[in-house]
Q: 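Structure provided below as structure tokens; questions to follow.
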Amino acid sequence: MRSKLCELCDTNRPALVRPKTGQRICKDCFYYVFETEIHNVMTENKLFHRGEKVGIGASGGKDSTVLAYVMKLLNERYDYGIELYLISVDEGIRGYRDDSLATVKRNQQQYALPMTVVSYEDLYDGWTMDNVVARIGLKNNCTYCGVFRRQALDRAALNLDIHHLVTGHNADDIAETVLMNLLRGDVARLPRSTEITTQSDTSPTKRSKPFKYTYEKEIVLYAHYKKLDYFSTECTYSPEAFRGTARAMIKQLECIRPSSILDIIYSGEAMQLSDTVQEKLPQQTQCERCGFISSNRICKACMLLEGLNTGITGLGLGSDRKTRKLQSQTPECAKG
């Protein structure tokens, strides 16, 4: 006969079936294993050092909200000795980002952490995502947003003298990225897509993913049981993203075999590029215009911005002749 008590403590009644393992456990045991697994991932990978200033990419969504809560909790519990800061990016999406930023501001008060906000409008010649979509339509808009956001976080971190950013990318996100790279035949990106920490000699900041092995469903459960304040509305412009296709496939696989998410990550970690592919990989350097990391003379953010400013919206998307032609020119730099 199946026990009616928690499979871990054998004392309390189970409150949930853990998505990652299928164990029937109580809330207290769930909190313990959830937090302890993240602590172990961070310590085993030596993500931080005492006295380090660490920026948390905060969007107000479930992942970044739980990340901020858990990072503060574990920092105090285990005395990591790190300084935490919330860094938010205002992409300029009316009715979505303004509401989610209000959530981050509440989190800032709830967790008593310093916070800074940077906006696309200030950084990129007045361009907001609403303006970008009005110019180019819904196709490829996530490319613009992703490239701009990554650089915006770097800029904000540097202004605060922060050289380490943590983001709420979870196991589902990483498995999706591995699958997307395989579907697109972009094997060169596989090694970086599964790394828990990424940094280049020319990058101003290193980035880490403490939730690399943490399931999205468990993050949702943790936020729910802890009654955390987060914003759950999907981005207005995201339904057209290719990632949605990979996400649907991952969810179907998870229903059949819950371990599929971790299996895909482990497979991505185990894949090695042949010497031929390694030789063809572009070398990372600094953008001649803005000084940020790039695999070309001009970074993708500057290329996309130049395309928007000149009306040639295909610039920076793919490897067309117009893009290569612009690479040899030296127009005005992106606003720094």
Q: So Leu16 and Ile25, side chain to side chain contact (heavy atoms under 4.5 Å, CB included) or not? Walk me through it.
A: CA-CA 6 Å; Leu16 69 148; Ile25 58 178; 4.1 Å; yes
Q: Side chains of Glu306 and Asn309: do they bring a donor and an acceptor to under 3.5 Å?
A: no
Q: With salt bridge (charged side-chain N to carboxylate O under 4.0 Å, His left out) as the test, pick out the partner of Asp172 among Lys212, Arg243, Lys251.
A: Lys251
Q: For the residue pair Tyr225 and Phe30, categorise the inter-ring angle as parallel (less than 30°), tilted (30 to 60°) or perpendicular (more than 60°).
A: perpendicular
Q: Can Asp263 and Ser260 be counted as having a side-chain donor-acceptor contact under 3.5 angstrom?
A: no
Q: If we check side chain to side chain contact (heavy atoms under 4.5 Å, CB included) with Val54, which of these qualifies: Val166, Leu47, Leu165?
A: Val166
Q: I'd like to check the salt bridge (charged side-chain N to carboxylate O under 4.0 Å, His left out) partners of Asp229; sequence neighbours left out, ordered by chain and number.
A: Arg106
Q: Is there a donor-acceptor contact under 3.5 Å linking the side chains of Glu52 and Tyr80?
A: no
Q: Walk me through whether Ile264 and Leu253 qualify under side chain to side chain contact (heavy atoms under 4.5 Å, CB included).
A: CA-CA 10 Å; Ile264 291 173; Leu253 290 170; 4.2 Å; yes
Q: A quick test of your reading: do over 12 heavy atoms of other residues, nucleotides or ligands sit less than 6.0 Å from CZ of Arg184?
A: yes
Q: Among all residues two or more places apart in sequence or in another chain, which pass the side chain to side chain donor-acceptor pair (under 3.5 Å) test with Lys20?
A: Glu37
Q: What closest approach, in Å, do Tyr85 and Pro114 show between heavy atoms, and which atom pair accounts for it?
A: CD2-CG, 3.4 Å
Q: Within the structure provided, determine whether Phe48 and Met42 are in side-chain contact (heavy-atom separation under 4.5 Å).
A: yes
Q: Counting only N and O atoms by type, is there a donor-acceptor contact under 3.5 Å from the side chain of Asn131 to the main-chain atoms of Trp127?
A: no
Q: Would you compute the distance between atom CZ of Arg24 and atom CZ of Arg13 and round it to the nearest 0.5 angstrom?
A: 10.0 Å
Q: Has the side chain of Asn107 got a donor or acceptor atom that lies under 3.5 Å from a matching backbone atom of Thr65?
A: no
Q: Given side chains that start at C-beta, do those of Asn170 and Glu218 come closer than 4.5 Å, heavy atoms only?
A: no
Q: Output the distance between atom NZ (Lys105) and atom OG (Ser100), rounded to the nearest 0.5 Å.
A: 10.0 Å
Q: Is Thr194 reaching over with its side chain to a backbone N or O of Ile265, donor-acceptor style, under 3.5 angstrom?
A: no
Q: Identify the residue among Val33, Val70, Thr43, Leu67 that makes a side chain to side chain contact (heavy atoms under 4.5 Å, CB included) with Ile38.
A: Val70
Q: Atom CD of Glu195 and atom CD1 of Ile174: how far apart are they, to the nearest 0.5 Å?
A: 10.5 Å
Q: When you look at Asp173 and Lys209, which way does the salt bridge (charged side-chain N to carboxylate O under 4.0 Å, His left out) test go after all the steps?
A: CA-CA 11 Å; Asp173 296 327; Lys209 307 180 186 73; over 6 Å; no
Q: Can Gln151 and Cys290 be said to form a side chain to side chain contact (heavy atoms under 4.5 Å, CB included), step by step?
A: CA-CA 10 Å; Gln151 192 179 98; Cys290 67; 3.6 Å; yes
Q: Search all heavy atoms of Cys26 against all heavy atoms of Cys9 and return the closest pair with its distance.
A: SG-SG, 3.9 Å
Q: List the atom of Arg289, the atom of Cys302, and the distance in Å for their closest heavy-atom pair.
A: NH1-O, 3.7 Å
Q: Can you name the closest pair of heavy atoms from Pro210 and Val41 and give their distance?
A: O-CG1, 3.9 Å
Q: Could you check Asp90 against Val118 for side chain to side chain contact (heavy atoms under 4.5 Å, CB included), going step by step and ending with a plain yes or no?
A: CA-CA 6 Å; Asp90 182 359; Val118 292; over 6 Å; no
Q: Under 3.5 Å, side chain of Arg97 to main-chain N/O of Ser59, donor-acceptor pair present?
A: yes
Q: Examine distances only and state if a side-chain atom of Tyr120 and a backbone atom of Cys145 form a donor-acceptor pair shorter than 3.5 Å.
A: yes
Q: Which heavy atom of Ala68 sits nearest a heavy atom of Ile56, and at what distance?
A: CA-CD1, 3.9 Å
Q: If you measure from CD on Gln110 to CD on Gln108, what distance do you get to the nearest 0.5 Å?
A: 9.5 Å
Q: Nearest 0.5 angstrom please: Ile219 CD1 to Tyr230 OH, how far?
A: 10.5 Å
Q: Has the side chain of Tyr237 got a donor or acceptor atom that lies under 3.5 Å from a matching backbone atom of Val133?
A: no
Q: Please confirm whether the backbone N or O of Glu7 pairs with a side-chain atom of Asp10, one donor and one acceptor, at under 3.5 Å?
A: no
Q: Do other residues, nucleotides or ligands put more than 12 heavy atoms under 6.0 Å from the CE atom of Met115?
A: yes
Q: I'd like to check Ile136 versus Asn141 (side-chain heavy atoms, cut-off strictly below 4.5 Å). Are they in contact?
A: yes
Q: With a 4.5 Å cut-off on side-chain heavy atoms, are Leu190 and Val178 touching?
A: yes
Q: Taking side chain as C-beta onward, heavy atoms only, is Leu308 less than 4.5 Å from Tyr144?
A: yes
Q: Do Lys217 and Val220 have side chains that approach each other closer than 4.5 Å (heavy atoms only, starting at C-beta)?
A: no
Q: Could you tell me if the side chain of Ile87 sits less than 4.5 Å from the side chain of Leu160, heavy atoms only?
A: yes
Q: Would you say the side chains of Thr143 and Asn140 form a donor-acceptor pair under 3.5 Å?
A: no
Q: May I ask you to decide if Arg94's main-chain N or O and Asp98's side chain share a donor-acceptor pair within less than 3.5 Å?
A: no
Q: Atom CZ of Phe34 and atom OH of Tyr215: how far apart are they, to the nearest 0.5 Å?
A: 13.5 Å
Q: For Tyr32, I'd like to know if atom OH has over 12 heavy atoms of other residues, nucleotides or ligands within 6.0 Å.
A: no
Q: Heavy atoms only: give me the nearest Ile261-Ala175 pair and the separation to one decimal.
A: O-CB, 3.9 Å
Q: Pick one: which of Thr198, Asp154, Thr197 meets side chain to side chain donor-acceptor pair (under 3.5 Å) with Arg207?
A: Asp154
Q: Between Ser193 and Met180, is there a side-chain heavy-atom distance shorter than 4.5 Å?
A: no
Q: Counting distance only, does the side-chain N/O of Lys72 pair as donor-acceptor with the main-chain N or O of Tyr111 below 3.5 Å?
A: yes
Q: Give a yes or no on whether a salt bridge exists between Lys53 and Glu83, defined as a side-chain N under 4.0 angstrom from a carboxylate O.
A: no
Q: Evaluate side chain to side chain donor-acceptor pair (under 3.5 Å) for Glu91 paired with Tyr96, printing each intermediate quantity in order.
A: CA-CA 10 Å; Glu91 299 94 341; Tyr96 168 72; over 6 Å; no
